[in-house]
Amino acid sequence: MKKIIKTILITTFCLFISFIGFYKFINSTKYQAAGTIINKVNTTQKIVALTFDDGPNEKTDEILNILDEKNIKATFYLIGEQIRLHPEEAKKIVAAGHDIGNHSYSHTRMVFKSPQFVAEEIEKTNSLIREASFSGEITFRPPYGKKFLSLPLFLAKNNIKTIMWTLDPLQSLQSTASAQEIAELVIKKAEPGSIVLIHPWYGDKNNSRDAIAKIIDGLQSNGYQIVTVKELLK
Ligand SMILES: [Zn+2]
(Lines give C-alpha, C1' and ligand atoms only; values in the text may rest on other atoms or scores of the structure.)
Protein backbone atom coordinates (compact mmCIF):
# COMPACT_ATOMS: atom_id res chain seq x y z
CA MET A 1 0.00 0.00 0.00
CA LYS A 2 2.80 2.34 0.99
CA LYS A 3 4.47 1.63 -2.36
CA ILE A 4 1.30 2.55 -4.29
CA ILE A 5 0.96 5.85 -2.41
CA LYS A 6 4.63 6.61 -3.07
CA THR A 7 4.20 5.89 -6.81
CA ILE A 8 1.08 8.10 -6.99
CA LEU A 9 2.89 10.95 -5.22
CA ILE A 10 5.96 10.72 -7.47
CA THR A 11 3.79 10.56 -10.62
CA THR A 12 1.72 13.57 -9.49
CA PHE A 13 4.89 15.51 -8.71
CA CYS A 14 6.41 14.69 -12.14
CA LEU A 15 3.18 15.69 -13.93
CA PHE A 16 3.09 18.94 -11.95
CA ILE A 17 6.71 19.78 -12.88
CA SER A 18 6.06 18.90 -16.55
CA PHE A 19 2.97 21.10 -16.57
CA ILE A 20 4.93 24.05 -15.12
CA GLY A 21 7.69 23.50 -17.69
CA PHE A 22 5.15 23.35 -20.51
CA TYR A 23 3.35 26.47 -19.29
CA LYS A 24 6.62 28.39 -19.06
CA PHE A 25 7.65 27.22 -22.53
CA ILE A 26 4.44 28.29 -24.30
CA ASN A 27 4.60 31.69 -22.56
CA SER A 28 8.34 32.29 -22.97
CA THR A 29 9.32 35.61 -24.54
CA LYS A 30 12.77 34.20 -25.40
CA TYR A 31 12.26 30.68 -26.73
CA GLN A 32 10.03 28.89 -29.21
CA ALA A 33 10.11 25.53 -30.96
CA ALA A 34 11.35 26.83 -34.34
CA GLY A 35 12.23 30.05 -36.18
CA THR A 36 13.39 33.45 -34.96
CA ILE A 37 12.02 34.93 -31.74
CA ILE A 38 13.13 38.34 -30.49
CA ASN A 39 12.25 40.01 -27.21
CA LYS A 40 15.13 42.49 -27.08
CA VAL A 41 17.96 43.64 -29.30
CA ASN A 42 21.57 43.54 -28.13
CA THR A 43 22.86 47.08 -28.51
CA THR A 44 24.63 49.79 -26.55
CA GLN A 45 22.69 52.45 -28.46
CA LYS A 46 19.96 54.09 -26.40
CA ILE A 47 17.09 53.00 -28.64
CA VAL A 48 13.73 51.58 -27.59
CA ALA A 49 10.72 50.39 -29.63
CA LEU A 50 7.16 51.14 -28.53
CA THR A 51 4.69 48.46 -29.67
CA PHE A 52 0.90 48.69 -29.48
CA ASP A 53 -1.08 45.45 -29.45
CA ASP A 54 -4.64 44.82 -30.71
CA GLY A 55 -6.81 47.31 -32.60
CA PRO A 56 -7.40 49.18 -34.75
CA ASN A 57 -10.63 50.77 -33.55
CA GLU A 58 -12.21 54.18 -33.08
CA LYS A 59 -9.33 55.28 -30.82
CA THR A 60 -6.93 55.36 -33.79
CA ASP A 61 -7.02 59.15 -34.27
CA GLU A 62 -6.37 59.77 -30.59
CA ILE A 63 -3.32 57.48 -30.59
CA LEU A 64 -1.99 58.77 -33.91
CA ASN A 65 -2.34 62.38 -32.70
CA ILE A 66 -0.21 61.67 -29.62
CA LEU A 67 2.51 60.07 -31.78
CA ASP A 68 2.30 62.84 -34.36
CA GLU A 69 2.62 65.56 -31.71
CA LYS A 70 5.74 63.87 -30.36
CA ASN A 71 7.01 63.08 -33.86
CA ILE A 72 7.41 59.39 -33.02
CA LYS A 73 6.97 56.28 -35.14
CA ALA A 74 5.70 53.18 -33.32
CA THR A 75 4.90 49.58 -34.24
CA PHE A 76 1.29 48.39 -34.27
CA TYR A 77 0.50 44.68 -33.93
CA LEU A 78 -2.97 44.69 -35.46
CA ILE A 79 -5.72 42.05 -35.29
CA GLY A 80 -7.05 40.95 -38.71
CA GLU A 81 -10.68 40.98 -37.64
CA GLN A 82 -10.30 44.52 -36.30
CA ILE A 83 -8.73 45.64 -39.61
CA ARG A 84 -11.71 44.12 -41.42
CA LEU A 85 -14.07 46.09 -39.15
CA HIS A 86 -12.02 49.31 -39.34
CA PRO A 87 -10.16 49.29 -42.67
CA GLU A 88 -9.90 53.08 -42.85
CA GLU A 89 -8.28 53.23 -39.40
CA ALA A 90 -5.65 50.69 -40.50
CA LYS A 91 -4.94 52.78 -43.59
CA LYS A 92 -4.46 55.87 -41.43
CA ILE A 93 -1.85 54.09 -39.32
CA VAL A 94 0.05 53.01 -42.44
CA ALA A 95 -0.27 56.46 -44.04
CA ALA A 96 1.21 58.03 -40.88
CA GLY A 97 4.37 55.97 -41.49
CA HIS A 98 4.16 53.53 -38.59
CA ASP A 99 5.42 49.95 -38.67
CA ILE A 100 2.72 47.24 -38.82
CA GLY A 101 2.85 43.70 -37.51
CA ASN A 102 0.43 40.74 -37.57
CA HIS A 103 -1.31 39.86 -34.28
CA SER A 104 -3.45 37.00 -35.77
CA TYR A 105 -6.95 37.26 -37.25
CA SER A 106 -9.17 36.29 -34.32
CA HIS A 107 -6.84 36.84 -31.35
CA THR A 108 -7.19 33.21 -30.26
CA ARG A 109 -4.58 31.47 -28.10
CA MET A 110 -2.51 29.67 -30.73
CA VAL A 111 -1.63 26.52 -28.79
CA PHE A 112 -2.82 23.08 -29.97
CA LYS A 113 -4.17 24.58 -33.20
CA SER A 114 -4.00 22.81 -36.55
CA PRO A 115 -1.42 23.97 -39.11
CA GLN A 116 -4.35 24.96 -41.34
CA PHE A 117 -5.89 27.17 -38.64
CA VAL A 118 -2.53 28.86 -38.00
CA ALA A 119 -1.92 29.46 -41.72
CA GLU A 120 -5.39 30.99 -42.19
CA GLU A 121 -5.02 33.29 -39.17
CA ILE A 122 -1.71 34.65 -40.41
CA GLU A 123 -2.33 34.76 -44.15
CA LYS A 124 -5.76 36.43 -43.84
CA THR A 125 -4.28 39.12 -41.59
CA ASN A 126 -1.24 39.66 -43.82
CA SER A 127 -3.58 40.20 -46.80
CA LEU A 128 -5.58 42.78 -44.83
CA ILE A 129 -2.35 44.54 -43.81
CA ARG A 130 -1.32 44.69 -47.48
CA GLU A 131 -4.80 45.99 -48.40
CA ALA A 132 -4.14 48.82 -45.93
CA SER A 133 -1.14 49.65 -48.17
CA PHE A 134 1.65 48.50 -45.84
CA SER A 135 4.62 47.38 -47.90
CA GLY A 136 7.33 46.58 -45.33
CA GLU A 137 8.29 43.28 -43.68
CA ILE A 138 5.44 41.93 -41.55
CA THR A 139 6.55 40.40 -38.27
CA PHE A 140 4.23 38.42 -35.97
CA ARG A 141 3.26 38.73 -32.32
CA PRO A 142 1.28 35.78 -30.89
CA PRO A 143 -1.99 36.63 -29.10
CA TYR A 144 -1.37 36.48 -25.33
CA GLY A 145 2.26 35.70 -26.24
CA LYS A 146 1.35 31.98 -26.48
CA LYS A 147 2.85 29.56 -28.96
CA PHE A 148 3.71 25.87 -29.00
CA LEU A 149 4.36 23.82 -32.15
CA SER A 150 2.16 24.56 -35.18
CA LEU A 151 2.61 28.34 -34.91
CA PRO A 152 6.44 28.47 -34.69
CA LEU A 153 6.71 25.82 -37.42
CA PHE A 154 4.54 27.89 -39.78
CA LEU A 155 6.45 31.08 -38.94
CA ALA A 156 9.82 29.39 -39.46
CA LYS A 157 8.74 27.87 -42.78
CA ASN A 158 7.54 31.26 -44.02
CA ASN A 159 10.49 33.20 -42.64
CA ILE A 160 8.32 35.35 -40.37
CA LYS A 161 9.97 36.67 -37.19
CA THR A 162 8.19 36.38 -33.84
CA ILE A 163 8.49 39.65 -31.97
CA MET A 164 7.83 39.42 -28.24
CA TRP A 165 8.63 42.13 -25.69
CA THR A 166 11.10 43.06 -22.99
CA LEU A 167 8.76 45.13 -20.91
CA ASP A 168 4.99 44.94 -20.33
CA PRO A 169 4.22 47.40 -17.53
CA LEU A 170 0.84 45.80 -16.77
CA GLN A 171 2.52 42.48 -16.05
CA SER A 172 3.91 43.91 -12.83
CA LEU A 173 1.33 46.61 -12.10
CA GLN A 174 -2.39 46.33 -11.25
CA SER A 175 -4.67 46.77 -14.27
CA THR A 176 -5.97 49.90 -12.51
CA ALA A 177 -2.48 51.51 -12.43
CA SER A 178 -2.47 55.20 -13.32
CA ALA A 179 -0.89 56.60 -16.48
CA GLN A 180 1.85 58.08 -14.28
CA GLU A 181 2.60 54.70 -12.64
CA ILE A 182 2.71 52.93 -16.01
CA ALA A 183 5.00 55.58 -17.50
CA GLU A 184 7.31 55.63 -14.45
CA LEU A 185 7.78 51.86 -14.60
CA VAL A 186 8.61 51.88 -18.33
CA ILE A 187 11.01 54.82 -17.96
CA LYS A 188 12.74 53.15 -15.00
CA LYS A 189 13.09 49.69 -16.58
CA ALA A 190 13.82 50.54 -20.23
CA GLU A 191 17.28 49.53 -21.44
CA PRO A 192 19.06 49.90 -24.79
CA GLY A 193 17.28 47.60 -27.26
CA SER A 194 14.10 47.14 -25.18
CA ILE A 195 10.75 46.41 -26.81
CA VAL A 196 7.89 47.92 -24.79
CA LEU A 197 4.37 46.45 -24.97
CA ILE A 198 1.37 48.75 -24.52
CA HIS A 199 -2.37 48.00 -24.91
CA PRO A 200 -3.83 51.40 -25.74
CA TRP A 201 -7.08 50.57 -27.53
CA TYR A 202 -9.89 49.87 -25.12
CA GLY A 203 -12.06 51.82 -22.70
CA ASP A 204 -10.54 50.09 -19.70
CA LYS A 205 -7.05 50.77 -21.07
CA ASN A 206 -7.38 54.57 -20.92
CA ASN A 207 -4.46 54.75 -18.54
CA SER A 208 -2.20 52.94 -20.98
CA ARG A 209 -3.25 55.36 -23.71
CA ASP A 210 -2.67 58.35 -21.47
CA ALA A 211 0.73 56.93 -20.51
CA ILE A 212 2.07 57.06 -24.10
CA ALA A 213 3.01 60.76 -24.09
CA LYS A 214 4.54 60.49 -20.60
CA ILE A 215 6.59 57.43 -21.63
CA ILE A 216 7.91 59.23 -24.72
CA ASP A 217 8.83 62.36 -22.72
CA GLY A 218 10.52 60.37 -19.96
CA LEU A 219 12.51 58.13 -22.31
CA GLN A 220 13.63 61.08 -24.39
CA SER A 221 14.76 63.04 -21.38
CA ASN A 222 16.84 59.99 -20.39
CA GLY A 223 18.53 60.21 -23.79
CA TYR A 224 16.55 57.44 -25.53
CA GLN A 225 15.52 57.53 -29.14
CA ILE A 226 12.21 55.83 -29.93
CA VAL A 227 12.27 53.70 -33.06
CA THR A 228 10.09 51.12 -34.81
CA VAL A 229 10.70 47.37 -34.51
CA LYS A 230 12.00 47.41 -38.08
CA GLU A 231 14.57 50.09 -37.17
CA LEU A 232 15.45 48.31 -33.94
CA LEU A 233 16.19 45.07 -35.85
CA LYS A 234 18.64 46.86 -38.13
ZN1 LIG B 1 -3.29 41.04 -28.05
Side-chain angles (χ1 to χ4, degrees), residues 23-30 32 35 37-40 49-60 62-64 67 74-87 89-90 93-94 98-113 117-129 132 134 138-148 150-152 154-155 160-177 182 185-186 194-212 215 228-230 232:
Y23 186 79
K24 283 200 165 185
F25 182 67
I26 62 168
N27 286 292
S28 171
T29 57
K30 292 180 187 167
Q32 67 181 11
I37 181 167
I38 295 161
N39 78 327
K40 190 178 192 243
L50 296 187
T51 64
F52 301 130
D53 275 20
D54 308 343
N57 65 13
E58 66 286 350
K59 299 292 181 194
T60 303
E62 202 182 315
I63 296 166
L64 289 182
L67 297 172
T75 303
F76 290 78
Y77 283 94
L78 300 178
I79 299 172
E81 199 165 22
Q82 289 297 117
I83 304 176
R84 188 180 59 77
L85 292 170
H86 304 275
E89 307 299 287
I93 301 171
V94 177
H98 299 288
D99 196 7
I100 309 289
N102 182 325
H103 194 39
S104 83
Y105 184 79
S106 62
H107 206 269
T108 305
R109 285 172 174 78
M110 288 167 94
V111 177
F112 302 131
K113 298 292 180 191
F117 176 88
V118 167
E120 264 179 32
E121 285 276 319
I122 295 173
E123 285 165 358
K124 247 175 18 184
T125 305
N126 274 356
S127 299
L128 287 158
I129 292 173
F134 183 72
I138 303 174
T139 57
F140 184 78
R141 176 169 284 162
Y144 310 98
K146 293 187 195 301
K147 63 238 151 321
F148 182 44
S150 52
L151 175 60
F154 177 86
L155 295 172
I160 300 171
K161 296 182 186 91
T162 306
I163 306 296
M164 302 295 279
W165 56 87
T166 326
L167 188 49
D168 169 8
L170 291 186
Q171 224 158 30
S172 29
L173 291 170
Q174 302 270 10
S175 57
T176 51
I182 294 169
L185 185 85
V186 173
S194 288
I195 299 170
V196 179
L197 165 59
I198 297 163
H199 286 93
W201 294 102
Y202 306 111
D204 62 340
K205 301 279 166 51
N206 266 322
N207 293 342
S208 289
R209 198 157 56 243
D210 294 341
I212 298 171
I215 290 171
T228 61
V229 163
K230 182 183 166 190
L232 193 72

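If you're wondering where the values come from, they're calculated on a predicted model, not measured in any experiment. Ligands are counted one by one from 1 in listed order, and the atoms in each one are counted from 1 as well.
What you find for P142 and K147 is that their closest heavy atoms are CG-CD, 3.9 Å. Residue A177 comes nearest to N207 through the heavy atom pair O-ND2, 2.8 Å, listed as atom of the first residue, atom of the second, then distance.
Protein contacts to the Zn ion (ligand 1) involving N, O or S atoms at a distance below 2.8 Å are D54 OD1, H103 NE2, H107 NE2.
Remark: the E121 side chain and the T108 side chain contain no N/O donor-acceptor pair separated by less than 3.5 Å. Remark: the R141 side chain and the T51 side chain contain an N/O donor-acceptor pair separated by less than 3.5 Å.
Considering E120, K124, E123, R84 as possible partners of Y105, the one that fulfils the side-chain hydrogen bond (donor to acceptor under 3.5 Å, both in side chains) test is R84.
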Practice problem: Please assess F148 against F112 for the test ring pair (Phe, Tyr, Trp, His ring centres under 6.0 Å), listing each intermediate value before the final yes or no. | Solution: CA-CA 7 Å; F148 182 44; F112 302 131; 5.5 Å; yes
